[in-house]
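These notes are about the structure you will find just below.
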Amino acid sequence: MPYKAWFECFNPECGSRYPLTEIAYNCNKCGSLLQVTHDTDVIAKTSAAQWMRLFDERKRRNTWPYGSGVWKLKEWVCPEVADENIVSMYEGESNLFWADRLGSTIGLPDLWIKLCGNSHTGSFKDLGMTVLVSMVKQIMADGGDIRAVACASTGDTSAALAAYCAAANIQSIVFLPRDKVTPEQLIQPIANGALVLALDTDFDGCMEIVQKVTADNTIYLANSKNSLRIEGQKTVSVEIVQQLDWQAPDVVVIPGGNLGNVSALGKGFLLMEKVGIISKRPRIVCAQAEKANPLYLYYKNGWRDYKPVQAQPTLASAIQIGQPVSLEKAVKILKDFNGIVEQASEQELADACARADKTGMYTCPHTGVALAALFKLVDRGEITSKDRVVVISTAHGLKFSHFKTEYHTQKIGSITSHYANLPIELPADADKVRSVIQERLAKKG
Ligand SMILES: *Cc1c(COP(=O)(O)O)cnc(C)c1O
Ligand SMILES: [Zn+2]
């Protein structure tokens, strides 16, 4: 097989390499993060036109494993896994739709939403997990001793890990911060047979424990520190460009917590640039919750004196992270993509969700963070009506219905629900019902 990829130390002064089948999360020599590096010279031997034709041919077909949005790009993602060891549920290929009504209310006629939550377990985490679990299956097939796969999670990684492990008959162990994930997110790994551990701490605390527990390598660590996941997640940028008839957008807005996904987004664009599929880079906007904003503070300080923060409770629970693992990767990508970091308060993210929902969406709070950041940047003129903008919607809103119920019933203590829409309770009396309808429709004008 001509295509090759390996783990490479993210510290350019070290540059140590390790095979993808080795169990490695940090560089053994210097301790830096690892990234998956591809032999891009081999990839670039095939022309951009040939790659685009191949990906168009494979898209959504059933020839194993290429119908998956991730494995459609197998040569770019993880050529090391044999097809029979791929664990896929045909993730990816989520819809990218023109949000013309929301866009027109904010003066952005060319606004698009990439609905990554329309996936097997309801979040973009599926894109990375298919690659990680496939590699685990490959290592086990090669005789490696892995007893289980574990992760710390804010709710979506655990759901994805549990589902993909169950499909492959591999035991999963998930570490969740107790009472900090939604009931939907909690039941997902339970239903899929994971060993579910609810710890009395937050995500950062779970992360510390899971790293200790996986130190002996017979329990494989599935956190986003594991750079195999980034390879699957980077397919989102290729998918967006393919869905836009192989054109890059001008701006992509993405919510960030542990910051793996923003790194992945940029990595996908860089590979397309290297191959010659795109010639311009979009601007990348990373949006953080104000309650968990270490990247935002670092950016505002001119990328000087980075300090982790103690993340505070936020409605955007999947990004309640104060010490993002992939910080360095994200900063590099943001510098390379003329990046912006913006933040959203609880009030702003909740109202942003409600505004989007009123135009037919059903947004998760993290997507609300991204939308609130977008609204601010449009107000400030940093994004203009000429820009083609894509907002990455990271999870399915149905995992967060409780948040919406609380919003519309005005039960979120710290905020005012400006767009609340309450049900009207009425007796079973046609005249009363008619008069209420008439009154309401008249009010709408
Ligand atoms: C994981 C997650 C994020 C954040 O992604 P990072 O890679 O941690 O920055 C955002 N939204 C949702 C719904 C998530 O599950
Ligand atoms: Zn190193």
Side-chain angles (χ1 to χ4, degrees), residues 7-18 24-35 37 114-119 121-129 151-161 181-182 184-185 188 203-204 207 222-227 229-230 232-234 236 253-267 284 286-289 292-296 311 314-330 333-334 341 344 349 353 363-371 391-400 403:
F7 288 125
E8 189 165 312
C9 179
F10 194 66
N11 169 7
E13 271 146 46
C14 171
S16 300
R17 293 180 178 191
Y18 310 88
Y25 319 112
N26 288 94
C27 177
N28 282 337
K29 294 221 177 78
C30 75
S32 300
L33 293 173
L34 296 176
Q35 67 176 343
T37 304
K114 175 67 171 162
L115 274 180
C116 296
N118 287 6
S119 183
T121 70
S123 86
F124 75 82
K125 298 296 200 295
D126 292 344
L127 303 176
M129 209 51 84
C151 73
S153 176
T154 52
D156 289 328
T157 297
S158 38
L161 178 68
V181 306
T182 71
E184 293 84 353
Q185 290 172 320
Q188 286 184 292
F203 170 80
D204 295 304
M207 188 70 209
N223 270 95
S224 64
K225 194 173 186 176
N226 188 317
S227 48
R229 282 177 47 196
I230 305 275
Q233 289 172 204
K234 82 180 181 198
V236 73
V253 188
I254 185 170
N258 228 355
L259 305 178
N261 210 25
V262 63
S263 324
L265 180 76
K267 202 163 186 257
I284 292 182
C286 185
Q288 290 211 295
N293 62 353
L295 183 74
Y296 174 78
T314 165
L315 296 164
S317 49
I319 55 175
Q320 188 182 324
I321 295 172
Q323 297 186 46
V325 165
S326 297
L327 177 88
E328 292 159 69
K329 290 181 181 174
I333 288 296
L334 287 165
V341 186
L349 76 89
C353 280
T363 45
C364 78
H366 324 89
T367 305
V369 169
L371 289 171
V391 173
I392 308 276
S393 177
T394 45
H396 202 295
L398 282 172
K399 290 202 200 198
F400 301 89
F403 147 71

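In each ligand, atom 1 is the first atom listed, and ligand 1 is the first ligand listed.
Across F203 and Q320, no two heavy atoms sit closer than the pair CB-O, 4.2 Å. The two residues S263 and A330 have their closest heavy-atom pair at OG-N, 3.5 Å.
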Problem - Residues Y18, K29; criterion side chain to side chain contact (heavy atoms under 4.5 Å, CB included); working and verdict - result: CA-CA 11 Å; Y18 310 88; K29 294 221 177 78; 4.0 Å; yes
Practice task
Kindly indicate, with the supporting measurements, whether the criterion side chain to side chain contact (heavy atoms under 4.5 Å, CB included) is fulfilled by T121 and M129.
Solution key: CA-CA 11 Å; T121 70; M129 209 51 84; over 6 Å; no
Exercise for the section: Please lay out, stage by stage, how N261 and K125 fare under the test side chain to side chain donor-acceptor pair (under 3.5 Å). Expected result: CA-CA 9 Å; N261 210 25; K125 298 296 200 295; over 6 Å; no
Practice task
Take Q188 and K399 through the test side chain to side chain donor-acceptor pair (under 3.5 Å) and record every step on the way to the result.
Solution key: CA-CA 10 Å; Q188 286 184 292; K399 290 202 200 198; 2.8 Å; yes
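Using modelled atom types, one finds no donor on one side chain facing an acceptor on the other under 3.5 Å when comparing Q323 with D204.
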Measure and list all N/O to N/O distances between ligand 1 and the protein that fall under 3.5 angstrom.
from	atom 1	to	atom 2	distance (Å)
ligand 1	7 (O)	G260	N	3.1
ligand 1	7 (O)	N261	N	2.8
ligand 1	8 (O)	N258	N	2.8
ligand 1	9 (O)	G257	N	2.8
ligand 1	9 (O)	N258	N	3.3
ligand 1	9 (O)	L259	N	2.8
ligand 1	11 (N)	T394	OG1	2.8
ligand 1	15 (O)	K125	NZ	2.7
ligand 1	15 (O)	D156	OD2	2.6

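Just one residue in the list N258, L295, I319 forms a side-chain contact (heavy atoms from CB on, under 4.5 Å) with P324, and that residue is N258.
Around the Zn ion (ligand 2), protein N, O or S atoms at less than 2.8 Å number 4.
Counting heavy-atom neighbours within 6.0 Å of E184 CD, excluding the residue itself, gives a total above 12.
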